[in-house]
Amino acid sequence: MIKVSLKGDVKEFESGITVAEIAKSIGAGLYKAACAGKLDGKVVDLRTPVTKDCELQILTFDDAEGKKAYWHTTSHIMAQAVKKLFPTAGFAIGPAIENGFYYDFDLPRTLTPDDMAKIEAEMKEIIKKDIPLERFELDPKDAIDLMEKEHQKYKVELIQEHAGKGEKISFYKQDDYIDLCAGPHLMSTGHVKAVKLTNCTGAYWRADAKNKMLQRVYGISFPKASQLEEYLHMIEEAKKRDHRKIGRDLDLFDIYEEGPGFPFFLPHGMILRNQLEQFWREEHTKHGYEEIRTPMILSEELWHRSGHWDHYKDNMYTTKIDGQDYAIKPMNCPGGMLVYKRKPHSYRDLPERLAELGLVHRHELSGTLHGLMRVRCFTQDDAHIFMTPDQVESEILGVMNLIDSFYKVFGFEYSLELSTRPKNSMGTDEQWKMATDALIHALKTNGKPYEINEGDGAFYGPKIDFHLRDSLGRTWQCGTIQLDFQMPERFELTYTGEDGEKHRPVMLHRVIFGSIERFIAILTEHYAGAFPIWLAPVQAKILPISDAMLEYAKKVQAKLLEGGLRVEIDTRNEKIGYKIREAQLQKIPYMLIVGEKEMQNGTVSVRGRKAGDLGVMAPDAFLTKAMDEVKAKSNDQ
RNA sequence: GCUGGCGUAGCUCAGUUGGUAGAGCAGCUGAUUUGUAAUCAGCAGGUCGUAGGUUCGAGUCCUAUUGCCAGCUCCA
């Protein structure tokens, strides 16, 4: 007999009893809901025998790991359905992802929406039949034989990779469908309830464009039909937040066919942008930065010197002037180098923090363009910090704090990633080690958790990236801090030290918004277009009830404009309900309704876009309230 | 760039087996002068992404091209 502790409740079982059987002994409901087990903190398959005293947790769909097993099983059900419809199908990989699962198939023809419906119907059949998933293990050699017999070349390739580890290879079998898989899985297909295939696209085997393109089918499943409906509803809601749609609707920005990847900023978008830039300038001035602006077109020779030509020329636009070769800047750094070199520097001048809102152009692949999130021309809120080696850490920490303070203003969550030396890079191992160690040390001092992306650094140095999470759960790289020992070398930057000798400064590239364009896109989706009052293009709209109040409305507007508020009047001959509806749809923070009563009393009736009717007040009182909120950058409107 | 889907009025979309385009909203005009999310009526608006081809005839079928969308890849 063995003792198993379940949420602190200790029970005795026969040694060798499986996790699933333990779940069953507790109740049929739990058995049906069970997705996997957690044995002494380790996730295990439900079929795992328990042979010693332990602590056990039965994982269900409500647990992250359970959800994964649930979705992964659904992906196997999809594969079984595909095998029935396409007996010669090749199977690559089919993991659970953040929301649902996918499976990559090698099929004789491309799938149509009609096929998707058929696969879905077949999956429902398989679920109805409640086919048990059986787990078995083979030696690597036998595993390869089995998959070769099944004509599964991708699986053979996967097993060959695992073979070296000398472990047994596990499989799961449902009827005639056998799949290589580590698990864990549900006990049978009937435990999966509501299923929906959501998308079908191409994807390369091992994500390499040189390999064959497979067909990736995405789907999601839930234990209850209502949960599936809720999920689909949430997706619909998220779509309404799409910055491309809101951008057009609110007159913020747009992209036209005439300039793929080159966005236009419309009047309201320009106000938003200018507010962000103003905030940015104020903060940078406070933190000891000096703003510069460098030219957009510079000679090709400069880009050879900087190393961009060798490492980045495929993404660069070029032009000829008077027969000479020039390039349009894809980054601001070389210009910054020239500015640093304008005069001799003393160690007393350092750090020199040169900031630049620099418009850069990069030739991105056409298929990667996405609204303002990914464009071919964008403004980096760049800065290059030149410093002595012993200033490196405090400068990095200073930038990390500055970034943190910016993101807090918008209420953003972010995660940190450290990217190390890529294959195609400049500099010596020693320099890279020094730079990477400096970043790691700063990260440790800063104390926030971070992930490491091996080989994902810039060609001139390692970096710390700041990833913001958007309303759809996608993460976008915004802020980045990149340490650079190369550029100062290449441009022969120097400063005179305390010892009177020439020294090489260290340089830091950094951005906070990353790209103003991308940041505005994320903001637009984050707020669903309802920007806090300090950013709102129109902060208040005066809605006269009839033409008789127009004169009074203009007086109120003049007063508020005078006070620094962005105010418009809806002068149209429409009913008040209509004007309110329009202002609401335009997400204007405050509506000021003026009718007979307000005109006589010299007041305005204030309506908040979220709060509704806020009562009557004098224009001055409203102005004070609104301007206080602007100043506080509050998001309470 | 690759794979697949799509491209009709400013926006959202109809358009039947190929027989030379239609609605709602927005716009304009008129009436209405209105109290917290859509007043009524009229008018105007499109060489159906572009270029070829098939056909007596193409928004509809074929080819190419371009843009958009989803994903791969890439990255701020």
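Just so it is clear: chains get the letters A, B, ... in the order the sequence lines come, proteins before strands, and each one is counted from 1.
A salt bridge is defined here as a Lys NZ or Arg NE, NH1 or NH2 lying under 4.0 Å from an Asp or Glu carboxylate O, and A:Lys541 with A:Glu568 meets this definition.
Remark: the backbone N or O of A:Leu85 is not paired with any side-chain donor or acceptor of A:Glu122 at under 3.5 angstrom.
Taking atom NZ of residue A:Lys541 and atom P of nucleotide B:rA37, one finds them 17 Å apart after rounding to whole Å. Between A:Arg244 atom CZ and B:rG10 atom P the separation is 21 Å, expressed in whole Å. Note: NE2 (A:His509) to P (B:rA76) measures 11 Å, nearest angstrom. Atom P of nucleotide B:rA37 and atom NZ of A:Lys587 are separated by 16 Å, given to the nearest angstrom.
For B:rG35, the base has a donor-acceptor partner in the side chain of A:Glu598 [N/O atoms by modelled type, under 3.5 angstrom]. Checked by distance alone, A:Arg374 brings a side-chain donor or acceptor within 3.5 Å of a matching partner on the base of B:rC74.
Between the side-chain ring of A:Tyr218 and the base of B:rG71, no stacking contact exists by the 5.5 Å and 30° definition.
For B:rA70, the OP1/OP2 oxygens have no side-chain nitrogen or oxygen of A:Tyr102 closer than 4.0 Å. One finds a side-chain N or O of A:Arg572 lying less than 4.0 angstrom from the OP1 or OP2 phosphate oxygen of B:rG27. Listed pair A:Ser366 / B:rG1 meets the phosphate criterion, a side-chain N or O lying under 4.0 Å from OP1 or OP2. Distances shorter than 4.0 Å separate some side-chain N or O of A:Lys463 from OP1 or OP2 on B:rA76. For B:rA70, one of the phosphate oxygens OP1 or OP2 lies less than 4.0 angstrom from a side-chain nitrogen or oxygen of A:His370. Put simply, A:Gln477 has a side-chain N or O that comes within less than 4.0 Å of OP1 or OP2 on B:rA76. OP1 or OP2 of B:rA76 has not a single side-chain nitrogen or oxygen of A:Arg376 nearer than 4.0 Å. Put simply, A:Arg216 has no side-chain N or O that comes within less than 4.0 Å of OP1 or OP2 on B:rG4.
Within the structure, the salt bridge (charged side-chain N to carboxylate O under 4.0 Å, His left out) test picks out the following pairs touching residues 571-590 of chain A (sequence neighbours left out): A:Asp570-A:Arg572, A:Arg572-A:Glu582.
Distance noted for atom P between B:rC61 and B:rA14: 15 Å (whole Å). One C1' atom belongs to B:rG15, the other to B:rA21, and the distance between them is 8 Å to the nearest Å. To the nearest whole angstrom, the two P atoms, one in B:rC13 and one in B:rC72, are 25 Å apart. The gap from the C1' atom of B:rG45 to that of B:rA26 amounts to 11 Å, rounded to the nearest Å. Distance check on atom P: B:rU50 versus B:rU8 gives 10 Å, rounded to whole Å.
Paired with A:Ile385 under the rule side chain to side chain contact (heavy atoms under 4.5 Å, CB included), one option of A:Leu508, A:Asp484, A:Leu483 passes, and it is A:Leu508. None of A:Arg241, A:His243, A:Lys240 except one satisfies the side-chain hydrogen bond (donor to acceptor under 3.5 Å, both in side chains) rule with A:Glu525; the exception is A:His243.
Across all strands, A:Val375 comes closer than 4.0 Å to base atoms (heavy-atom distances). Residue A:Glu574 is in base contact, counting any heavy-atom pair closer than 4.0 Å across all strands shown. No contact: A:Lys579 has no heavy atom under 4.0 Å from any strand. In this structure, A:Ser605 reaches the bases: a heavy-atom distance under 4.0 Å links it to at least one base atom across the strands shown.
Position along RNA chain B of the nearest nucleotide to A:Leu365 versus A:Gln482 favours A:Leu365 as the more 5'-ward residue. Of the residues near RNA chain B, A:Asp465 and A:Gly371, the one whose nearest nucleotide (by heavy atom distance) lies more toward the 5' end is A:Gly371.
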Would you sort out whether A:Arg518 and A:Gln477 count as a side chain to side chain donor-acceptor pair (under 3.5 Å), showing the intermediate values? CA-CA 9 Å; A:Arg518 174 180 291 178; A:Gln477 187 188 319; 5.9 Å; no
